Q: 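Shown below is the structure under consideration.
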Amino acid sequence: MNAMVKAENVHKSFGHVEVLKGIDLEVKQGEVFCLIGPSGSGKSTFLRCINHLEKVNAGRLYVDGELVGYRQKGDKLHELKDSEVALKRRDIGMVFQRFNLFPHMTALENVMEAPVQVKGESKAAARERAGALLERVGLADKAGNYPSQLSGGQQQRVAIARALAMEPKLMLFDEPTSALDPELVGDVLDVMRDLAETGMTMVVVTHEMGFAREVGDSLVFMDGGVVVESGNPRDVLTDPQHERTKSFLSKVL
Amino acid sequence: MTVDTEKKGPEDTPPSAPQAIKAVPVRHYGRYVSAVVALAALGAIVFAFAQGEINWDAIPEYFFDSRIVGGMRETLLLTVLSMAIGVAGGILLAVMRLSKNPVTSSIAWFYIWFFRGTPVLVQLFVWFNLGFVFEYINLGPIYKDEWSDFMTPFLTALLGLGLNEAAYMAEICRAGLLAVDEGQTEAAHALGMSHSKTLRRVVLPQAMRVIVPPTGNEVINMLKTTSLVAAVQYYELLRNAQDIGQSSGATVEVLFLAATWYLIMTSILSVGQYYLERYYARGSSRQLPPTPWQKVKANMLSLRRPEVAR
Ligand SMILES: Nc1ncnc2c1ncn2[C@@H]1O[C@H](COP(=O)(O)OP(=O)(O)OP(=O)(O)O)[C@@H](O)[C@H]1O
Ligand SMILES: [Mg+2]
């Protein structure tokens, strides 16, 4: 069982609009898995299904061998209770396009919050680990700053530290650099690159083709709610096989 | 401030510094006229009252009368306790209204509809007169008493004001909760926080920024509304003042006196509100607004600075 995420024919609709029309893919343990595709193709929606921020309508989605959001009893599916869903989310870190740091807490408090409140870690221990994590993302000197006193790139690095504080086995990134000024993108990508080197399993929705090519182990091109093309990032990006992939890449590269 | 712009190194002094502009400022004649009119009106009012038969000496005489001070204590106590019920109930109702459970949200909707839709004075009278409907209050083995012994004027006033206030606070709190970005809830859930933890640690503290200013209004309103409970035999500031007025014959004078005390109390509350808002603004702007004292200090410094530099 070395698939960290496994999607089998995953469907998702909002009302009458079907956004995911049968996604099949597999993210292996320890790999950096990049998701690319045009706006509205369902990348964020799929990512949010992985930690059950959205409910899958049909198909099966597994994280680390366990069904997401449901429990199978015989041939019936039972919805998980909120507390059970929360328990599973502890192991999945998520980084958002717009950072979503808690504005009323300092950088350090943001990182400490979940270990203390969710895991019941002692404040002293959590503070120590939070300090170390901020150092790891290069922000040891900004621990006392509120998010509004940080640049976008710094905020995103705090957000990564906050997710790592729960010691997840899987990290989800939803366009982590899209809201950043170009000169700040590098810092965030560096942190992600370091993280990849530690063997963290990462699913990354991105428009940074350079990052996908250098760091990615697999890449999937999505369009209109389906996987159009997948494979090794270097192959797909340099020699796309499908028309739609070609035309998308010609626009973004 | 002027010093900073004038201080330049010898190298980068431009050949000819631009001359400071000395222009004739725009004259605001309207301001002078309106000030004169306002002063005249104020003078006329003061004159009219000075002419009237008012025994001004009665005001200082009774200003610290024990009945006045005691009444004020009751007024403040009632304000604080009713607001406490109002805020706690308001948050609860707001959360209920926003909940996905249709039963709880309709209960909250009905409560707000009822208590906001009827005058608070009517509600007070109803609480007061429930004794005609229920002879006894019977909470099984826990508590049993005659209704009139249980429903003291104090409890009547407290329930009447507090439960009514909860309906208003519910709407204020709901607006506050809705003002918090959904991304905040998502981020908290993604970290594995439960609904209640998310509400308590992430959403409510941010909603407070929106909730506090109108709540300050509500407190001030409540302080004044407590004067209504004289109607249910509760003796607070106004009621005691009126009693003094009747026994001493200084009817109008004690009303001025009461008004003065209400003004003093509401002014103190406004200052408290300022500091509370400042507390909940932390992290929302790059710098907190200065406290009045900090402002005074800063002004004094900026006045002194040119001399220091010279
Ligand atoms: N909560 C929702 N309710 C209704 N429609 C939604 C909702 N969330 C997303 N959608 C729709 O689903 C489609 C896919 O959205 P999604 O955010 O997954 O796209 P995306 O690939 O992440 O695009 P982008 O690159 O712009 O972020 C869009 O057409 C969007 O309008
Ligand atoms: Mg998206």
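Everything numeric in this text was worked out from a predicted model, so none of it was measured. Chain A is the first sequence line, chain B the second, and so forth, proteins listed ahead of strands; every chain is numbered from 1.
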Q: How long is the straight-line distance from CD of B:Glu186 back to CD of A:Glu54, given to the nearest 0.5 Å?
A: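 Output value for this atom pair is 7.5 Å.
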Q: Relative to chain B, which of A:Arg48, A:Arg90, A:Lys119 shows the most heavy atom pairs under 4.5 Å?
A: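 Greatest number of close heavy-atom pairs with chain B: A:Arg48.
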Q: Near A:Gln72 CD, under 6.0 Å, is it more than 12 heavy atoms from other residues, nucleotides or ligands?
A: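 Yes - once you tally the heavy atoms of other residues, nucleotides and ligands closer than 6.0 Å, there are more than 12.
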Q: Check this for me: A:Glu135, atom CD, are more than 12 non-hydrogen atoms of other residues, nucleotides or ligands nearer than 6.0 Å?
A: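 Atom CD in A:Glu135 is not crowded, with 12 or fewer foreign heavy atoms closer than 6.0 Å.
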Q: I'd like to know which of A:His52, A:Lys88, A:Glu113, A:Met166 tops the heavy-atom pair count under 4.5 Å against chain B.
A: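 Option with the greatest count: A:Glu113.
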Q: Return the minimal non-hydrogen interatomic distance between A:Leu101 and B:Gln184, and the atom names on each side.
A: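 Shortest heavy-atom contact: O-NE2, 2.8 Å.
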Q: Measure across B:Arg201 and A:Met105 and return the closest heavy-atom pair with its distance rounded to 0.1 Å.
A: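 Looks like O-CE, 3.6 Å.
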Q: Take A:Phe102 and B:Leu191 through the side-chain contact (heavy atoms from CB on, under 4.5 Å) test and state the conclusion after the steps.
A: CA-CA 12 Å; A:Phe102 305 136; B:Leu191 286 166; 4.1 Å; yes
Q: Does the A:Asn100 side chain pair with the main chain of B:Gly183, one donor and one acceptor, at a distance under 3.5 Å?
A: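 Pair found, side chain donor or acceptor close to backbone of B:Gly183.
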Q: Give the member of A:Pro103, A:Ala159, A:Gly93, A:Ser83 that has the highest number of heavy-atom pairs under 4.5 Å with chain B.
A: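 Of the options given, most contacts go to A:Pro103.
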Q: Is A:Gln117 reaching over with its side chain to a backbone N or O of B:Ser194, donor-acceptor style, under 3.5 angstrom?
A: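 Checked: no pair found.
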Q: For A:Ala114, is it the side chain, the backbone, both or neither that has a heavy atom under 4.5 Å from a heavy atom of chain B?
A: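 Contact with chain B involves the side chain of A:Ala114 alone.
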Q: Start with the C-alpha distance between B:Lys197 and A:Val118, add both sets of side-chain angles, then the distance that settles side-chain contact (heavy atoms from CB on, under 4.5 Å), and finish with yes or no.
A: CA-CA 9 Å; B:Lys197 273 259 162 67; A:Val118 178; 6.0 Å; no
Q: Can you confirm whether B:Glu182 is buried at CD, in the sense that more than 12 heavy atoms of other residues, nucleotides or ligands lie under 6.0 Å from that atom?
A: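 Not buried by this count: 12 neighbours or fewer within 6.0 Å.
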Q: So what's closer than 4.5 Å to chain B heavy atoms on A:Leu53: side chain, backbone, both or neither?
A: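 Side chain only.
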Q: So which part of A:Leu87 gets closer than 4.5 Å to some heavy atom of chain B, the side chain, the backbone, both or neither?
A: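 For A:Leu87, there is no contact with chain B at all, as no heavy atom is under 4.5 Å.
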Q: Does A:Arg98 CZ have over 12 foreign heavy atoms under 6.0 Å away?
A: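 Not buried by this count: 12 neighbours or fewer within 6.0 Å.
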Q: Ignoring hydrogens, what is the shortest heavy-atom contact between A:Arg89 and B:His189? Give both atom names and the distance.
A: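 Scanning both residues completely, I find the closest heavy atoms to be CD-O, 3.0 Å.
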